[in-house]
Number of protein chains: 2
Amino acid sequence: MDLLASNPLILKLEQFTRLSFEEKQLLNVAASEGVRQIGPRGDIIREGDRPQTLNIVLSGWACRYKHLEDGRRQIISLVLPGDFCDSHVFVLRQMDHSIGSLTPVTYAQLPRRRVEEMTAKHPRLSQAFLWDALVNAAIQREWTVSLGQRHALERMAHLMCEIFLRLRGVGQTEGNSCDLPLTQAGMADAMGLSVVHVNRTLQELRAMKLIVLKGRTLTIPDIAALQDAAQFNPNYLHLDAEGRHLDAND
Amino acid sequence: MDLLASNPLILKLEQFTRLSFEEKQLLNVAASEGVRQIGPRGDIIREGDRPQTLNIVLSGWACRYKHLEDGRRQIISLVLPGDFCDSHVFVLRQMDHSIGSLTPVTYAQLPRRRVEEMTAKHPRLSQAFLWDALVNAAIQREWTVSLGQRHALERMAHLMCEIFLRLRGVGQTEGNSCDLPLTQAGMADAMGLSVVHVNRTLQELRAMKLIVLKGRTLTIPDIAALQDAAQFNPNYLHLDAEGRHLDAND
DNA sequence: CTAGGTGAATTACATAGGTTAAGACTGCAT
DNA sequence: ATGCAGTCTTAACCTATGTAATTCACCTAG
């Protein structure tokens, strides 16, 4: 079944735990109902909104972001295929940030009740969702470290390592290449740098043969070398979770 | 009952929802078993550890932090009285960061089983824990914004606003003053600045009459003014959660 | 009361990264 | 074809912040 193999949410969660056929089917149905599309610079959710649905990105890139009053913008995190837009916000009163599309995005809108049914009936799913939320928290912490301590070159290199590994987890890499639909302005907003300096830094990374970046395609000739330059330690992505080996009944 | 009123965990959670007497009692018992103490610069948990307990800070300040290979250190977040050290890490293989004490710290160690019992029997407690985890995620996002976009002065001002409000939520402020046991080196590690620049910035904040900082005591003469300087919007702390008004059976 | 350690303050100087501006390239819409 | 709009690139210049080093003021252990 094609969908089963290509649903990024399933691919992502299976890095952590093996899902039963039924669970996968459930996720697939969920990801095929209420599917929406949005163009490249739209908002999926806005600060202040109070979503009553859970949105899952199926294809394309989005980001969490926040504006300051004077126009400065920080991209808080990247929302890649398979990622939730608003995990568990049902508890909170309103969104404290916005989620915008960076490319055309396809996403599924799950009504709240549907999510609750799924997790109630399938503890392994709610376990997997929890794992996902915890990994996202870890990623956010790592961005804190990047923004606080790493210099521009390390920071950019670190970002690319992270993107590559996250995309690989959802089957969106080919060899040592992947999509990178972020503009330099986007990278600047994500890494707290100016566009000019992002450009300088990319040139430097290219000169060091650490990356090849043509159009929207990123190639990493030597991942180990890039990781070194970034002081990148993949432990925070928790790709080695034990759940994976606990049981395998599908 | 004195303990009931001074347990910072209860005070914190009650900002979000009203707890029943039984629930509070449960939290109190939890917070009085397995109590540990640690001096000012110790580690409560280390990167790589695999904690089988849930640690709750009862008094004193701690922080999550991470070292880079060359000695740079980033404080990722502050762990204040009433905060969990390791919410839900049972799912993950190992700690991807350390938690260290900034002052002498008293904390309770809850065995995993105990936590699971509590949340299983008291859905409102697990709801409250979830709220807490979500607020922590929001705080982490706000730090990302601070580190990425705010200049030193705004950044420091923002930190002080946040600390003050968080402490007020657990009854640790007096008027417009609170404890601030962070050294300037600590603030530097938290805000991604050098010690010298932290000092300069503090002088500036003092000259602007935005803060009074003597010894370990911070006073904020005019909170609105400080918030302005920081572009501080408290919405991310979600102190207005609706759960608070839903029911009140205690 | 003295030594050594820690935190704060300040100065002089260095630099990573920001700002502004302008040109070149791209793709798309008319 | 033409023209606009977004993106990338580069250059010249500027500044917020970092680095190094010194002094002072505590505090605590002997």
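Proteins come first, then strands; the chains are lettered A, B, ... in the order of their sequence lines, and each starts at number 1.
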C:dA9 phosphate, OP1 or OP2, under 4.0 Å from B:Arg206 side-chain N/O = yes
If you check every side-chain atom of B:Ser194, which of D:dA12, D:dT19, D:dT17 has the closest atom?
-> D:dT19
Taken to the nearest whole Å, CG/B:Leu205 to P/C:dA8 is 15 Å
Distance in angstrom units between A:Arg72 CZ and D:dA16 P, rounded = 12 Å
May I ask you to say what A:Arg216 touches in the nucleic acid, namely base, sugar-phosphate or nothing, with a heavy-atom cut-off under 4.0 Å?
-> sugar-phosphate
Any A:Arg41 side-chain N or O less than 4.0 Å from OP1/OP2 of D:dT7 = yes
Return the nearest nucleotide to the side chain of A:His197; candidates are C:dT20, C:dG17, D:dG6.
-> C:dG17
Assign A:Val196 to base, sugar-phosphate, or nothing according to its heavy-atom contacts below 4.0 angstrom with the strands shown.
-> base
Pi-cation contact, B:Tyr65 with B:Arg73 (under 6.0 Å, within 45°) | yes
In terms of side-chain geometry, is the basic nitrogen of A:Arg166 or A:Asp83 positioned less than 4.0 Å from the acidic oxygen of its partner?
-> yes
Rounded to the Å, how far apart are B:Ile211 CD1 and C:dA8 P?
-> 12 Å
Distance-only donor-acceptor check, side chains A:Gln140 and B:Thr144, under 3.5 Å = yes
Assign each of B:His151 and A:Gln203 the nucleotide of DNA chain D bearing its closest heavy atom; nearer the 5' end lies the nucleotide of A:Gln203
Using a strict 4.0 Å threshold on nitrogen-to-oxygen distance, state whether B:Arg46 and B:Asp49 make a salt bridge.
-> no
Give one of base, sugar-phosphate or nothing for B:Leu202, where a contact means two heavy atoms less than 4.0 Å apart.
-> nothing
Contact class for B:Gly192 vs. all strands (heavy atom < 4.0 Å): base, sugar-phosphate, or nothing?
-> sugar-phosphate
To the nearest angstrom, the CE-C1' distance between B:Met187 and C:dA8 comes to 11 Å
To the nearest angstrom, how far is B:Glu154 atom CD from D:dT17 atom C1'?
-> 14 Å
Return the value, rounded to whole Å, for the distance between atom CG of B:Asp70 and atom C1' of D:dG18.
-> 14 Å
Enter the distance from B:Leu193:CG to B:Met191:CE here, rounded to the nearest 0.5 Å.
-> 7.0 Å
Between A:Leu102 (CG) and D:dT7 (C1'), how many Å, whole number?
-> 15 Å
Would you state whether a donor and an acceptor, one from the side chain of A:Arg155 and one from the base of C:dG17, lie under 3.5 Å apart?
-> no
For B:Thr183, report the nucleic acid contact type (base, sugar-phosphate, nothing); a contact means any heavy atom under 4.0 Å.
-> sugar-phosphate
For B:Leu213 and C:dA9, give me the distance from atom CG to atom P, rounded to whole Å.
-> 8 Å
Given D:dC8, is OP1 or OP2 found less than 4.0 Å from the side-chain N or O atoms of A:Asn199?
-> no
